[in-house]
Structures are given as C-alpha cells and as structure tokens.
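Heads up: the structure comes next, in structure tokens.
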Amino acid sequence: MEKKYLTLKLDKAYRLLNSGAVGIICSRSQSGKYNLAPIAWMTPVEYEPATRVVIVLDKENCTCKNILETQEYAIAIPHLSQLEMVKKLGSTTGKTHDKISYFDIPTFPAKLIDVKLPEGCIAYLECKLYKKIDDDSVMLLMAEVLHAQVLASAFDRRLLAEKKEGKTLHHLGGNVFVTSSDVIY
C-alpha cells in the first residue's frame with residue numbers, strides 16, 4: 001500500500017526535528033554520486049523564519065564535501081523500523097562505497113533538489129545551504145528548508161513520536177539507539 005505524505009507549510013517544518021531524532025543526510029557530489037549518511041546533530045535554528053535548520057558534520061566526511069560542492073542537502077527522518085538501514089549507512093563511508101547500491105536501499109528523487117531520498121521514512125526536508133561555519137574539525141551547515149513532507153499518519157500539528165507511525169530513532173552512541181515513548185503532560 002502506498003504511503004500518503006502531506007506537504008507542510010515551511011514555517012512548520014522545524015516541528016519534524018523537535019523530537020531530536022536521527023536524520024539521514026541525503027547529498028550528491030558535484031560529479032553526481034549520491035550519498036546517504038546518518039547523523040544525530042541537527043536542529044531548527046530559529047522560529048522566525050522557521051524554515052532554517054543546521055546540521056553538524058565532520059569536515060572530513062564525504063557528506064560535508066558533497067554539501068559544500070552542491071550547496072544543498074535533504075534530511076530524511078527514518079522510522080524505528082529502519083534501524084538496520086541506519087546502522088548499515090553508518091558502518092561505512094561514502095568515500096569508498098556507493099552506499100545506496102552497496103546496501104540496496106530503495107530511493108526516490110527529491111522534489112526540488114538533486115538528491116535521492118530513502119523510501120519509507122517518516123519525513124523529508126529539502127534544504128539549500130545559506131551559511132557554513134568552520135569550527136575546528138566540524139562544519140556547521142545552515143540551510144533554508146525549501147520543501148518539507150511528512151507521513152500523514154505521523155503528524156498532527158507536530159510529529160506524533162508517541163504513535164507507532166511516528167517512532168523515530170535517537171542515537172546514544174555506538175550501536176545504541178532508543179525511541180520515543182508516551183506523551184507526558
């Protein structure tokens with residue numbers, strides 16, 4: 001059965017990141033090689049405009065180089081059921097492997113930028129780089145969200161991380177992940 005996605009107003013896209021979930025950064029090199037890399041360090045930048053996000057990457061990372069070359073990236077928010085895919089993507093580098101082919105990950109093209117998105121994720125944010133901050137061994141890559149979509153059953157004014165459909169992954173280090181639990185009022 002085909003999953004139905006909602007197109008979000010850009011001023012609400014930050015709500016897809018509020019839960020602190022792991023993201024898969026989708027990028028492409030200048031030569032056209034696509035890459036997927038899981039990261040845990042990403043966040044909305046501000047409420048006004050609410051369309052800005054930042055990710056933090058090691059400067060030696062293939063994904064960082066790709067983003068600096070093309071000035072764009074997407075963030076895919078994987079579902080709990082995609083834990084093994086996330087672990088595989090994090091187990092090797094895009095410098096030596098075409099991870100999409102190597103792990104046989106089904107993808108589809110993004111709507112507004114030239115990257116491949118992994119199928120079955122909870123949400124996707126397509127971004128255009130507007131600022132980079134070089135900080136020792138890491139690079140902060142700030143971007144404007146151009147398009148955001150989320151699984152309809154996992155969103156109602158916010159990401160429904162307490163529901164089965166909205167269960168995101170949270171990385172604690174190594175191969176240790178947790179997921180969200182119940183809503184606490």
Side-chain angles (χ1 to χ4, degrees), residues 13-27 29 34-46 52-68 73-107 115-125 127 129 131-143 145 148 150-151 154-155 158-184:
Y14 75 93
R15 292 181 180 183
L16 299 175
L17 301 177
N18 270 2
S19 65
V22 165
I24 298 171
I25 303 304
C26 311
S27 66
S29 71
Y34 296 97
N35 190 47
L36 304 175
I39 69 157
W41 294 355
M42 59 183 187
T43 188
V45 174
E46 55 189 300
R52 293 183 171 180
V53 296
V54 64
I55 61 174
V56 181
L57 297 173
D58 185 302
K59 287 193 287 192
E60 299 301 316
N61 186 296
C62 175
T63 300
C64 187
K65 181 180 179 216
N66 288 352
I67 294 168
L68 293 174
Y73 62 89
I75 302 171
I77 308 297
H79 184 266
L80 169 63
S81 64
Q82 295 174 299
L83 175 61
E84 290 308 312
M85 176 186 68
V86 170
K87 286 181 179 180
K88 286 177 184 177
L89 289 171
S91 71
T92 190
T93 175
K95 290 179 183 177
T96 58
H97 289 93
D98 172 351
K99 294 191 233 180
I100 295 169
S101 296
Y102 186 73
F103 295 118
D104 195 28
I105 297 172
T107 62
V115 299
K116 291 185 179 180
L117 304 173
E119 289 182 2
C121 290
I122 295 170
Y124 305 93
L125 296 90
C127 306
L129 188 69
K131 186 175 187 178
K132 64 181 181 178
I133 300 171
D134 188 329
D135 187 35
D136 293 327
S137 65
V138 298
M139 186 77 67
L140 285 76
L141 300 172
M142 302 173 85
V145 179
V150 62
L151 186 62
F155 191 86
R158 65 172 176 81
L159 186 62
L160 300 173
E162 73 278 9
K163 287 184 66 177
K164 179 181 149 193
E165 299 90 338
K167 291 288 184 192
T168 55
L169 295 165
H170 305 260
H171 187 237
L172 299 182
N175 275 329
V176 180
F177 293 81
V178 296
T179 192
S180 52
S181 188
D182 300 324
V183 171
I184 302 170

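Just so we're clear, the structure is a prediction, and the values are computed from it rather than from any experiment.
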Taking the side chain as every heavy atom from C-beta outward, state whether [X] and [Y] have any pair of such atoms under 4.5 Å apart.
X      : Y     : answer
His171 : Val86 : no
Val54  : Thr43 : yes
Ile25  : Ile67 : yes
Tyr73  : Val53 : yes
Glu60  : Thr93 : no

Inset, instruction - Mark yes when over 12 heavy atoms from residues, nucleotides or ligands other than Lys131 sit less than 6.0 Å from its NZ; otherwise mark no. - result: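 Open.
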Legend entry - Option from Thr92, Leu36, Asp98 for which side chain to side chain contact (heavy atoms under 4.5 Å, CB included) with Phe103 holds: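 Answer to the side chain to side chain contact (heavy atoms under 4.5 Å, CB included) test with Phe103 among Thr92, Leu36, Asp98: Thr92.
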Any chance you could measure [X], atom [atom1], to [Y], atom [atom2], to the nearest 0.5 Å?
X     : Y     : atom1 : atom2 : result
Cys26 : Asn66 : SG    : CG    : 11.5 Å
Ile55 : Cys64 : CD1   : SG    : 8.0 Å
Lys99 : Met85 : NZ    : CE    : 11.0 Å

Inset, instruction - For His97 and Ile100, indicate whether the former's side chain and the latter's backbone hold a donor-acceptor pair under 3.5 Å. - result: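 Pair absent, no side-chain N/O of His97 close to backbone of Ile100.
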Inset, instruction - Taking Thr179 for its side chain and Thr168 for its backbone only, find out whether a donor-acceptor pair lies under 3.5 Å. - result: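 Yes; at least one donor-acceptor contact below 3.5 Å.
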